[in-house]
Every structure is written in structure tokens, then in C-alpha cells.
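Residue numbers count from 1 along this sequence. Ligands are counted one by one from 1 in listed order, and the atoms in each one are counted from 1 as well. Please read all numbers here as calculations on a predicted model, not as lab measurements.
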Amino acid sequence: MKVLVVGTGGRDHSIAWKFARSPRVKTVYVAHGNAGIAETATCVNLRTIEEMAAFAEREKIDLTFVGPEKPLSAGIVDLFESRGLSIIGPSLKASRLESSKCDAKVIMRDLGIPVPEFENFSDPDKARDYVRGVGYPVVVKADGLAAGKGALVCESVQDAEDAIRTIMEDRAFGDAGERVDIERRLYGRELSFFCFTDGYTVVPMVAAQDYKRARENDEGKNTGGMGSYSPHPWLNDSLVGTIMNRVAEPLIAGVREKHGILYRGILYLGLMLVEEGDGVTPYVLEINIRLGDPEAQVILPRLRTDLVDVSEAILQGTLARLQPEWDPRYRLCLIATSGRTKGKKGWFKGYPERYKIGLPIEGVDDIDKDCLVFHSGTERDGSGRLLTTGGRVLCVVSSGDTLAEARQTALLEMEKIHFEGLYYRKDIGLA
Ligand code: GLY
């Protein structure tokens with residue numbers, strides 16, 4: 001069978017790697033990939049969803065799997081399905097659950113799913129009046145897609161006013177800032193929770209811990225993710241039951257019955273677990289319509305079931321008959337980012353702020369064969385040298401019987417990688 005994976009990052013590398021291990025898959029194509037993905041799959045330089053659909057028709061691709069949110073929010077699933085092509089991912093209508101934080105919150109509140117108190121605004125003056133009077137700390141979120149950086153956590157009213165200006169007036173995230181979702185800041189434990197769904201049956205995956213802040217001890221700016229691990233120490237059967245009963249199942253049934261959305265593919269819930277009364281309430285901070293990056297890099301290596309079998313069950317509506325199997329061992333991912341470097345006119349602060357690209361990377365071939373290396377921002381020059389092309393460059397994924405063992409292995413292996421300004425968080429897996 002021929003599979004096309006859409007995406008260029010570390011998550012997408014791990015999806016391509018997983019399909020490449022399937023005995024049912026002959027060729028994995030990736031649109032458009034990077035230097036690391038090119039070692040696992042055939043990279044094809046397709047930039048638009050129309051080019052991808054034409055390629056899938058021409059090459060008779062049996063299955064397409066979409067990694068990132070942008071092509072999903074551009075309607076790739078509707079386009080492929082209109083041409084009779086098999087594709088995994090939620091439809092354009094379903095993608096609004098990620099591409100509009102404001103609409104998603106209203107839908108969830110109406111379905112009785114736990115969400116923090118919130119208000120949505122398209123007028124910055126009204127948003128400012130609201131944060132001056134609301135009386136509790138807030139998080140200000142750009143409505144649209146902002147590469148994981150559009151949620152600004154505020155300590156004070158002044159912070160909230162600054163966030164409104166940054167998002168709505170300075171347009172730091174472009175058109176994503178036309179509206180804002182302002183929600184009560186909750187204090188609890190954050191958890192990334194993933195499910196497969198065929199629109200009727202929802203099957204929980206294993207959970208992962210993501211680290212969003214750039215610096216150790218959860219300081220610094222928000223990033224797309226600096227590391228992850230799985231399994232998650234807090235997630236027991238009782239908590240999985242609570243999340244499924246209170247969030248995942250009512251959401252998938254509710255959007256189908258009340259909004260006419262058959263949600264098929266991956267459901268990724270960004271949750272805040274808050275101790276209330278005798279139990280835990282799983283508040284939904286955000287819905288994503290895809291696998292997380294870097295959560296996929298620790299979840300997919302634990303999936304023992306063939307991803308083709310899972311994909312077929314999603315497409316055929318037979319997930320109820322499939323029980324995915326998981327490796328109980330730990331996986332831990334450290335992301336190597338483009339850090340602080342000196343430029344001609346001063347310093348580059350490093351990801352997620354400005355960083356240099358085109359820097360030679362050494363040491364990838366020395367990584368222990370029991371570890372995995374997934375690339376995010378790399379390319380090869382004319383002479384085959386590996387170079388950086390992005391803020392998140394690559395990751396090392398280790399395994400271990402304990403979290404501490406996986407962490408120690410990843411740290412030792414990461415020391416073998418070198419490029420100018422390389423920065424990674426050393427506290428991944430500590431807390
Ligand atoms: N790890 C966060 C995300 O993928 O959005």
C-alpha cells in the first residue's frame with residue numbers, strides 16, 4: 001500500500017516512521033518533509049492541498065494521514081473526499097474546533113463540557129473593560145491559529161491589557177487576533193489527552209506530558225513544545241473514565257448530533273485537571289484536531305498496533321472492534337532548538353524569538369540505535385551536510401523502564417549533538 005503523510009515537523013516524521021514500520025506499507029511519501037524524514041520516506045515537494053490531491057490521484061495513494069492543523073483548516077479532508085481519496089483527519093467544519101478558540105468554547109459550554117469561565121471579544125476596548133472588572137486572573141487567547149503561541153497567561157490586569165493590545169492591535173499573530181477568548185486562569189495540572197475517533201466510537205490513547213515554556217522551571221515564552229514524555233504518572237483508569245465521560249464522548253456525540261459534524265481522526269484535548277470536592281474536574285483549555293508535537297514523538301513509538309489498521313477502522317467506522325495495544329515502557333523526548341547566537345548586528349535571542357538558520361549539525365549518526373531521532377527543521381546542502389532550518393531543529397527520543405532511566409538516556413544522547421547555539425531543556429521529565 002502507498003501512504004502519503006502531510007507535514008514537515010518532528011510529529012510528522014514520527015507518523016512517517018510509524019507507517020514505514022507497517023508490513024502493509026510499501027511506500028511512504030511525505031509532503032514536503034525535511035532532511036531526517038527523507039531517510040525514512042520519499043519526500044515530495046507539494047505545497048498546496050490541490051497539489052497534494054493531484055499527487056494522491058496520480059500516484060494512486062491508498063491512504064493519506066495529515067499531521068498539522070493548517071492543511072486541515074484549509075479543507076484538505078473535504079477536498080480529498082470529494083475526489084474519492086481516503087484521508088485521515090477532521091473535516092473543515094470540524095477543524096473550527098481548533099481554528100476558532102472562541103467558537104470551540106461556545107460549543108463546549110452549550111454541550112455542558114467543563115470549560116473555564118470565559119467571554120469572547122472582537123472589540124479591544126470592550127475586552128479591556130472586561131479584564132478591568134472581572135476580578136480574577138485571566139488567559140487571553142488569539143481566536144485563530146498561532147502555532148501554539150497565541151495563549152498569553154496573565155498575572156495582572158496590566159498584563160491582560162498588554163495581551164489584548166499584542167493580539168488585537170499589534171496583530172502579533174496576524175488575523176488570528178481579530179477576536180480574543182478571555183478565560184479565567186485555572187490552577188491545577190495540565191495534561192495532553194489524545195483519542196482516536198470514527199465519529200461514533202472514541203478510543204483513548206495513552207497520554208503525554210508536554211513542556212510549552214522555552215526555559216527550565218517552566219519559565220520563558222510559550223513555544224510549540226520543548227519536550228515530552230509518556231506514560232503520564234497521573235493518568236489512571238478512573239481519570240481516563242472521567243475524561244471520556246465528561247469530555248471526549250459528549251463532545252464527539254454533541255458535535256455530530258447538534259452541529260452535523262462527523263468528527264473522524266485524532267482528538268487532542270488540552271486539559272487542566274482541577275481538584276474539586278471529592279474528585280477531579282477535567283476543564284478543557286483547548287481542542288486540537290491532530291496529534292501534538294512533540295507528544296506524537298513519544299506516543300507513536302509506544303503504539304504496538306499497526307497505524308494502517310487504526311486508520312482503516314477510523315475510515316470504516318469500526319473502531320469499536322479495535323483495541324490498540326501500547327508498550328508500557330517510558331519514552332522521553334528532548335527537543336534541540338536554535339538558541340542564542342551572535343549575528344553581524346548583535347545577538348539572536350533564540351527560539352521562540354529570532355534565531356539563525358543554516359548552521360551545520362554534527363553528531364546525529366552517533367546517537368544510540370535504541371533511541372530515535374525525529375527532525376523538525378533540517379535540510380542537507382549540496383555536499384550532504386546537515387543544516388538547521390528552523391527554531392525546533394530535531395529531537396532525541398529515548399526509552400526506559402522508568403521515567404528517570406529514559407530521562408538519563410536522552411540527556412546523555414543529546415550531548416552527542418552539536419550545532420552553534422544548540423539549546424534544550426534539561427528538566428524534561430523532572431516534574
Ligand atoms: N504540543 C502542543 C501542540 O502540538 O499544539
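Classified by interplanar angle (parallel below 30°, tilted 30° to 60°, perpendicular above 60°), the ring pair Tyr130/Phe121 is tilted.
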Listed pairs under 3.5 Å, donor-acceptor, residues 255-263 side chains, sequence neighbours left out:
unit_1 : atom_1 : unit_2 : atom_2 : d
Arg256 : NH1    : Gly199 : O      : 2.7
Tyr263 : OH     : Ile266 : O      : 2.8

Tell me which donor-acceptor pairs under 3.5 Å the side chains of residues 173-182 have, and how far apart each pair is, sequence neighbours excluded?
unit_1 : atom_1 : unit_2 : atom_2 : d
Arg179 : NH2    : Ser100 : OG     : 3.4
Arg179 : NH2    : Asp103 : OD1    : 2.9
Asp181 : OD2    : Lys105 : NZ     : 2.6

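Centroid-to-centroid, the aromatic rings of Phe194 and Tyr268 come within less than 6.0 Å.
Listed as neighbours of ligand 1 are Asp210, Lys212, Gly224, Tyr268, Arg290, Gly292, Asp293, Pro294, Glu295, each bearing a heavy atom under 4.0 Å from the ligand.
Remark: the Asn45 side chain and the Arg47 side chain contain an N/O donor-acceptor pair separated by less than 3.5 Å.
Evaluation of the side-chain contact (heavy atoms from CB on, under 4.5 Å) rule for Thr409 yields Cys371, Ser398, Glu413 as partners, not counting sequence neighbours.
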